[in-house]
Amino acid sequence: MTGRVISDSSEWSFPLLERFDQEIGRIAHEVYGLDTYANQIEVISSEQMIDAYSSVGLPISYHHWSFGKQFVATEQTYRRGQMGLAYEIVINSDPCIAYLMEENTLPMQALVIAHACYGHNSFFKGNYLFRTWTSADAIIDYLVFARKYIAHCEERYGQEEVELLLDSCHALMNHGVDRYKRPSPLSMAEEQKRQEEREAYLQSQVNDLWRTLPVSASSSGARTDGRWPSEPQENILYFIEKNAPLLEPWQREVVRIVRKIGQYFYPQRQTQVMNEGWATFWHYTLMNHLYDEGFVTDGFMMEFLQSHTNVVAQPPFDVPWYSGINPYALGFAMMRDLRRICESPTDEDRHWFPDIAGGDWLKVLDFAMRNFKDESFIAQYLSPRLMRDFHFFAVRDDDREETLEVRAIHEEQGYRVLRQALADQYNLGNREPNIQVFNVDRRGDRSLTLRHFRHNRRPLGETTDEMLRHIRRLWGFDVRLEAVDEQGRVHLVGEA
Amino acid sequence: MSHLIDRRLNGKNKSAVNRARFIRRYKTQLKRAVSDAVNHRSITDIDSGEKVGIPSRDISEPVFHHGPGGTRDMVHPGNKDFLPGDRIQRPEGGAGGGSGKGKAGNSGQGEDDFVFELSREEFMDLLFEDLELPRLVRNQLMGTTEFKSVRAGYATDGSPSNIDVVRSLKGGIARRTALGGPHRARIRELEEELATLLAAGVEETDPRVIEIREEIDRLKTRIAALPFIDTFDLRYQSFVKQPEPTSKAVMLCIMDVSGSMDQVRKNLAKRFFILLYLFLQRNYDKIDLVFVRHHTIAQEVNEQEFFYSRETGGTVVSSALHLAYDILRERYDPSVWNIYAAQASDGDNWDSDSALCRDLLINRLMPLMRYYAYVEITPRQHQSLWFAYQEVKAAHPHFAMEEIGGASDIYPVFRELFRRQEA
């Protein structure tokens with residue numbers, strides 16, 4: 001038995017990492033059937049980790065002051081010891097790149113390999129949102145293209161000009177996603193080739209749009225009734241890229257770059273609980289399997305379990321360090337719970353989950369990983385038992401009332417309300433304001449009208465005026481923002 | 001299939017450009033912060049980096065988000081005794097906090113300054129930006145240009161005294177190895193053949209054996225004939241001459257240490273001197289410091305004594321000026337050295353001495369100087385020295401005088417003295 005132990009030291013070395021990777025990979029693929037991209041494991045220092053942080057985890061990115069700000073902030077908090085750095089960063093690309101910090105001990109490196117290189121990696125490859133929204137094989141190339149293109153623009157049009165444009169685009173980054181259309185795959189060579197054609201073509205399209213119509217007064221009068229665009233558009237950046245009258249072709253391309261990068265991050269924002277839960281579940285399962293097969297020692301497992309427990313700790317709401325639900329804790333608990341429901345279902349589970357109780361847990365988990373996002377995953381699989389374990393309760397904060405109301409707790413009558421409330425909490429549509437392009441005054445002052453469709457009477461925050469100025473910078477003419485309340489009444493919120 | 005890559009040796013300053021851009025963008029705010037830092041902290045430790053803060057709201061990146069108000073549902077873990085329908089008091093600041101529970105105090109954090117550390121260079125750049133050494137330009141144009149020899153790698157020709165022996169011999173070895181290679185390979189082949197022949201029992205007199213032995217000898221001679229060193233191998237150390245601008249400066253610090261200058265005033269003076277020193281350091285490679293202190297008689301002393309020894313007695317400023325003039329004449333030729341002087345005093349002087357000071361400065365010292373700065377540290381009325389110096393100022397535009405009331409005046413006065421002049 002002891003003959004199989006890979007190492008009992010806590011110092012890592014490249015040969016040891018390779019051994020661990022081989023064993024973990026073997027177990028992941030052969031025993032549990034995980035489907036992953038090839039791995040590229042890179043060992044980096046803490047300074048490099050700070051660098052990676054500041055470009056939001058992208059291995060390469062264009063230059064912008066906001067990344068510098070992020071860098072300075074991270075460096076400060078790290079230096080003062082207020083924050084530890086993540087043990088790893090993993091990038092959704094093919095091959096899947098994982099950064100390991102050199103400071104980690106050997107058990108930590110093994111944990112990280114299991115977590116990132118097999119957990120996250122298989123999630124990136126399998127989950128429908130990632131499959132729809134990102135092209136893992138092309139992202140690195142696209143980033144290289146973006147970096148070069150923006151550097152080129154800075155050379156030609158000046159740093160200041162490009163920076164202003166990027167500021168405005170970054171502000172709208174979260175509003176640059178088509179939620180219902182699959183984006184075409186990216187590739188560096190194609191992108192570069194097409195970019196020039198696009199520049200010329202786009203400009204001609206836009207000019208056409210604003211052409212003085214050589215039609216008679218009567219027919220043009222009839223057409224002014226119609227709104228344009230005929231359907232509201234939720235993808236504001238896309239709308240601006242295609243239709244803003246005054247943007248230069250290169251500016252449209254920059255808008256496009258920011259939009260594409262925003263799109264790349266879109267699935268990550270929607271699958272935090274699932275993604276982390278999945279990766280945590282697998283590092284837990286894989287490491288225990290390693291232990292069962294005798295590859296690691298008791299001491300190794302103790303260290304592993306200690307960091308694992310830290311990661312999945314969920315403090316209750318009434319302690320000072322409570323900062324919301326820990327996605328690792330919730331995700332991990334749900335994945336484990338799914339396995340439990342399959343392996344040893346209770347009567348309650350059979351009642352709530354008749355189709356999976358007692359099933360093959362590998363298949364059930366795989367199906368769940370592939371076909372859900374946080375919101376639907378919780379709505380589908382959060383079990384009464386978990387709600388009891390977490391002691392969940394739902395609170396309603398209505399500003400028309402003096403006090404908060406507890407709507408439901410972890411009991412028979414409350415399960416469904418609770419589950420729905422928690423799922424809604426992860427619904428991106430509820431969390432972020434729903435703002436859409438409503439109308440463009442094509443024959444008048446060319447002003448752009450946006451509409452904010454209010455949910456639960458929640459108004460916009462104090463940054464709204466600044467945001468309108470950003471949109472104005474991109475659009476080039478007046479921008480108006482109207483709010484529509486739940487009764488359908490419209491009123492003006494701001495103008496720039 | 002996994003690849004392991006060690007990236008630790010890669011550059012770690014990938015974010016340097018972004019950081020620089022961040023600093024450039026917030027220069028105005030940073031400059032304000034830097035000035036504050038100088039005014040309120042001891043200048044003695046300015047030479048390191050500095051922590052500065054920018055109000056976070058100035059650098060926030062906006063996005064559309066929900067503001068307070070409306071109805072929101074939240075789910076929290078850790079219920080202990082709540083039942084459905086319970087009403088809870090709204091926690092302090094909770095309505096805006098978003099979570100409605102347990103997040104009190106978080107909302108206040110947004111207003112904090114965004115604090116971070118500037119490196120020494122960044123700090124100094126911001127501190128001295130748009131300051132300029134008076135007459136610096138003229139000085140550089142007039143300064144005698146010196147040349148110095150700098151190594152510039154190796155060349156294939158040069159003077160024999162510059163032959164680099166090691167390099168040349170290395171070249172020789174390489175050439176001999178390269179040219180002798182085919183011969184040596186052939187010799188090895190022949191020797192192998194010979195060995196097999198002999199092992200097979202062939203006689204030493206066999207014609208083939210003799211033939212092989214002859215060829216081996218011939219090849220060995222050819223290898224031996226390769227010259228040990230060839231002109232082709234020679235390498236010379238190469239030197240180029242680079243012009244070297246005059247970059248030496250001497251800074252004269254003159255301070256009154258009479259009884260009326262207490263430690264507080266001396267500290268103020270010290271800060272001023274240090275600022276001047278740091279500023280000169282940015283412009284000159286080498287700076288000599290000369291400390292002259294005086295009461296009724298002047299003395300050249302070291303830095304420690306200059307700032308910290310205690311003296312008492314009356315004040316005769318001209319004694320220091322005399323001594324300064326002598327030092328300059330002996331040691332610092334104005335055609336080689338850029339001479340700066342800073343004088344700090346509380347304005348006290350023996351009455352009839354002030355006129356003497358004025359004449360000394362106007363006729364002797366000022367013509368040697370790049371710049372002369374006089375700061376008077378006094379809360380009182382100006383005395384004769386101030387008025388005498390005003391006449392000097394009228395005669396020489398590169399004489400400057402200012403008054404310092406307290407620590408927070410030093411930096412503004414310094415800026416005033418060295419403000420970039422409109423040409």
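Within every chain, numbering begins at 1; the chains are lettered A, B, ... in the order of the sequence lines, protein sequences first and strands thereafter.
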Visitor: Tell me, for A:I471 versus chain B, whether the close heavy atoms (under 4.5 Å) come from the side chain, the backbone, both or neither.
Guide: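 When you check distances to chain B, only side chain atoms of A:I471 fall under 4.5 Å.
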
Visitor: Select one option (side chain, backbone, both, neither) describing which atoms of A:P95 are under 4.5 Å from chain B's heavy atoms.
Guide: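 Contact with chain B: none, neither part.
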
Visitor: With chain A as the partner, which of B:L83, B:V63, B:T71 has the greatest number of non-hydrogen pairs under 4.5 Å?
Guide: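 Maximum pair count with chain A is reached by B:T71.
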
Visitor: Report the option among A:V72, A:I44, A:T36 that has the most heavy-atom pairs separated by less than 4.5 Å from atoms of chain B.
Guide: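 It is A:V72.
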
Visitor: Who wins among A:I409, A:L100, A:L17, A:D424 for the most heavy-atom pairs under 4.5 Å with chain B?
Guide: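 Highest number of pairs under 4.5 Å: A:I409.
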
Visitor: Is it true that A:R469 and A:E466 make a salt bridge, defined as a side-chain N closer than 4.0 Å to a carboxylate O?
Guide: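 Looking at A:R469 and A:E466, the cut-off is not met.
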
Visitor: Nearest 0.5 Å, please: how far is CZ in A:R458 from CG in A:N456?
Guide: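 Spacing of CG (A:N456) from CZ (A:R458) equals 7.0 Å.
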
Visitor: Looking at chain B, which one of A:A73, A:S66, A:G68 has the largest number of heavy-atom pairs inside 4.5 Å, strictly under?
Guide: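 Greatest number of close heavy-atom pairs with chain B: A:G68.
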
Visitor: So which atom in A:A408 and which in A:L418 form the shortest heavy-atom distance, rounded to 0.1 Å?
Guide: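 Smallest heavy-atom distance, with atoms named: O-CD1, 3.9 Å.
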
Visitor: Testing the 3.5 Å rule here: is there a donor-acceptor pair between the side chains of A:D21 and A:N39?
Guide: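 There is no such pair between these side chains.
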
Visitor: Are more than 12 heavy atoms from other residues, nucleotides or ligands located less than 6.0 Å from atom CD of A:E402?
Guide: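 Counting neighbours around CD of A:E402, 12 or fewer heavy atoms of other residues, nucleotides or ligands fall under 6.0 Å, so no.
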
Visitor: Quick one: which of B:P77, B:G85, B:G67, B:A20 has the most heavy-atom pairs under 4.5 Å with chain A, could you say?
Guide: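 Option with the greatest count: B:P77.
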
Visitor: Highest number of heavy-atom pairs under 4.5 Å with chain B: which of A:E401, A:E18, A:Q22, A:E75?
Guide: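 Result: the option with the highest number of such pairs is A:E401.
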
Visitor: Could you tell me which of A:D389, A:D167, A:T464 has the largest number of non-hydrogen atom pairs under 4.5 Å with chain B?
Guide: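 Answer, by heavy-atom pair count under 4.5 Å with chain B: A:D167.
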
Visitor: Is A:I435 close to chain B through its backbone or its side chain, or both, or neither, when contacts mean heavy atoms under 4.5 Å?
Guide: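 Contact with chain B involves the side chain of A:I435 alone.
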
Visitor: Heavy-atom distances under 4.5 Å only: say whether A:E42 touches chain B with side chain, backbone, both or neither.
Guide: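 Both parts, backbone and side chain.
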
Visitor: Quick one: are A:I325 and A:F390 in side-chain contact, heavy atoms under 4.5 Å?
Guide: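 Side-chain contact under 4.5 Å: no.
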
Visitor: Identify, with sequence neighbours excluded, every residue that meets ring-ring contact (aromatic ring centres under 6.0 Å, His included) alongside A:H391.
Guide: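 Listed in chain order: A:H410.
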
Visitor: Under a 4.5 Å heavy-atom cut-off, does chain B meet the side chain of A:L172, its backbone, both or neither?
Guide: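 Interface part for A:L172: side chain.
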
Visitor: Closest approach of A:A38 and A:D94, non-hydrogen atoms and distance?
Guide: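 Scanning both residues, the minimum pair turns out to be N-OD1, 4.2 Å.
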
Visitor: Does any heavy atom of chain B fall under 4.5 Å from the side chain of A:Q413, the backbone, both, or neither of them?
Guide: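 For A:Q413, neither part sits under 4.5 Å from chain B.
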
Visitor: Under 4.5 Å heavy-atom distance to chain B, tell me which part of A:Q314 shows up: side chain, backbone, both or neither.
Guide: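 It is the side chain, since no backbone atom gets that close.
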
Visitor: Assess whether a salt bridge exists between A:D398 and A:R400, defined as any Lys/Arg side-chain N lying under 4.0 Å from an Asp/Glu carboxylate O.
Guide: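 A salt bridge is present here (some side-chain N lies under 4.0 Å from a carboxylate O).
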
Visitor: Under 4.5 Å heavy-atom distance to chain B, tell me which part of A:A329 shows up: side chain, backbone, both or neither.
Guide: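 Neither part, no heavy atoms under 4.5 Å.
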
Visitor: At a heavy-atom separation under 4.5 Å, does B:R25 approach chain A through its side chain, its backbone, both, or neither?
Guide: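 Just the side chain, heavy atoms under 4.5 Å.
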
Visitor: Give a yes or no on whether the backbone of A:H64 and the side-chain of A:E163 come within a donor-acceptor separation of less than 3.5 Å.
Guide: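 Not confirmed, A:E163 side chain does not pair with A:H64 backbone.
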
